[in-house]
Amino acid sequence: MIIEQVREQMPLAKGPVVKILKQSDNYKMMVIGLKKGSVLKEHKTAVPARLIITEGHVTYNEHERAVDLKRDADFEIPVNVPHSLLALEDSICLLIQG
């Protein structure tokens, strides 16, 4: 149901739609919904993280690197490295931290 809620909220959202799917003391799994053209602004992660694209197409951006990620791609996000996401299509991503 949470992924469906994200998908339903995306058309009216002014930015990313982020909801926690599951978490414990050791990890957190989030759903990130991005409309085409929207940006998840630059930020850092303090813990190991993996991004999984379940729908759509995004670009992961670091200082001097851009990685094209399409449906079913997964990507290890480096710790303490500033990064952002740009949606090239309406996209749903899972983020696993920890």
ILVMFWY network linking [X] to [Y], side-chain heavy atoms under 4.5 angstrom:
| X | Y | value |
| --- | --- | --- |
| Val58 | Ile96 | no |
| Val81 | Leu40 | no |
| Val17 | Leu21 | yes |

Taking all heavy atoms of [X] and all of [Y], pick out the closest pair and write down the distance.
| X | Y | value |
| --- | --- | --- |
| Ile20 | Ile2 | O-CD1, 3.5 Å |
| Thr45 | Pro78 | CG2-O, 3.6 Å |
| Ala66 | Thr59 | CB-CG2, 3.9 Å |
| Val47 | Gly98 | CG2-N, 4.0 Å |

Compare all side-chain heavy atoms of [X] with those of [Y] and state whether any distance is below 4.5 angstrom.
| X | Y | result |
| --- | --- | --- |
| Ile77 | Tyr60 | yes |
| Cys93 | Ile52 | no |
| Val6 | Ile92 | yes |
| Val67 | Leu69 | yes |
| Leu85 | Asn61 | no |
| Val18 | Leu95 | no |

Exercise for review: Would you mind listing every side-chain hydrogen bond (donor to acceptor under 3.5 Å, both in side chains) that reaches into residues 69-91, with sequence neighbours excluded?
Suggested key: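 Non-adjacent pairs meeting side-chain hydrogen bond (donor to acceptor under 3.5 Å, both in side chains): His43-His83, Arg50-Asp74, Arg50-Glu76.
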**Study point:** Partners meeting side-chain hydrogen bond (donor to acceptor under 3.5 Å, both in side chains) with Arg7 (sequence neighbours left out)
**Key:**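 Once residues adjacent in sequence are excluded, the partners of Arg7 under the side-chain hydrogen bond (donor to acceptor under 3.5 Å, both in side chains) criterion are Glu55.
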Could you tabulate the donor-acceptor pairs under 3.5 Å formed by side-chain atoms of residues 28-39, not counting sequence neighbours?
residue : atom : partner : partner atom : Å
Lys35   : NZ   : Pro11   : O            : 3.3
Lys35   : NZ   : Ala13   : O            : 2.7
Ser38   : OG   : Lys35   : N            : 3.1
Ser38   : OG   : Lys35   : O            : 2.7

